Amino acid sequence: MESQRKFQPRWIAYFALVAIAATAFYFAINQTGDPAMNLDSGRIERLIPSPNTKIFQQDEVGIDLAPGYQGDLAVNGIPLPRDQVQATPELNRVGFRPGQGKAFEQWPAGENCVTATYWPSAFGPSQSQTRTWCFTVI
């Protein structure tokens, strides 16, 4: 009589367990989260636009800072004049929208990068830090 193998359900359980563990390990290693949420220890609340976002040529760029912070912006290495930047101190927000007669009349097509320089309002720019992120203009 020919030997028959019995179906072993425990092998399926072992395989499933290994698959679950491997999947969990993969996600734990590759977990970077939303780049927009990877912000600077509570100093930055939001980047506008979120990193690696596609935007239009007239869309706003900027940064929402935590209470007690203020900042300046530069795009593609060009500092944006303070009189062209819309600062909203009560919201700790600094933004810029391109327009006629401004440093940028429209965003150049392709990749562009914003650098925000920010500091605690109580100490001024001498204690500044920077954050750079990029976006793509379509």
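Every value quoted in this text rests on a predicted model; they were computed, and no experiment measured them.
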Contact summary for P79 and A74, nearest pair of heavy atoms
CA-CB, 3.8 Å
Could you walk me through whether T53 and T136 pass the side-chain contact (heavy atoms from CB on, under 4.5 Å) test, one step at a time?
CA-CA 6 Å; T53 301; T136 301; over 6 Å; no
For P108 against N76, the heavy-atom pair lying closest together:
CG-ND2, 4.2 Å
About how many Å separate CZ of F56 and CH2 of W107, when rounded to the nearest 0.5 Å?
15.5 Å
Among L73, D72, D64, L80, find the residue that satisfies the side chain to side chain contact (heavy atoms under 4.5 Å, CB included) test when tested with V94.
L73
Reported CD-to-CG distance for the pair Q57 and N112, which is rounded to 0.5 angstrom:
9.5 Å
Distance alone, cut at 3.5 Å: any donor-acceptor contact between the side chains of S121 and Q70?
yes
Would one find more than 12 heavy atoms of other residues, nucleotides or ligands at under 6.0 Å from atom CD of Q58?
yes
Cluster link I78 to V61, ILVMFWY, side chain under 4.5 Å:
yes
Which pair of non-hydrogen atoms, one from Y69 and one from Y118, has the smallest distance, and what is that distance?
CD2-CD1, 4.2 Å
Looking at CG of N92 and CZ of R43, how far apart are the two atoms once the value is rounded to the nearest 0.5 Å?
14.0 Å
Partners meeting side chain to side chain contact (heavy atoms under 4.5 Å, CB included) with S128 (sequence neighbours left out)
T117, W119
For the backbone of G99 and the side chain of Q106, can you confirm whether one donor and one acceptor N or O come within less than 3.5 Å of each other?
no
So which heavy atom on P51 is nearest to which on L47, and how close?
CG-CD1, 3.8 Å
Look at atom CD of E90 and say whether more than 12 heavy atoms of other residues, nucleotides or ligands are closer to it than 6.0 Å.
yes
Pairwise salt bridge (Lys or Arg N to Asp or Glu O under 4.0 Å) hits with a residue in residues 52-61, at least two apart:
E60-R93
4.5 Å side-chain heavy-atom contact, V114 and T132
no
Roughly how far, to the nearest 0.5 Å, is the CD1 atom of I138 from the CD1 atom of I55?
9.0 Å
Heavy-atom closest pair (I48 atom, W133 atom, distance to 0.1 Å) is O-CZ2, 3.7 Å
Close side-chain approach of F96 and Q84, heavy atoms under 4.5 Å:
yes
Can you check whether F104 reaches V75 side chain to side chain, under 4.5 Å on heavy atoms?
yes
Which heavy atom of E45 sits nearest a heavy atom of A66, and at what distance?
OE2-CA, 3.6 Å
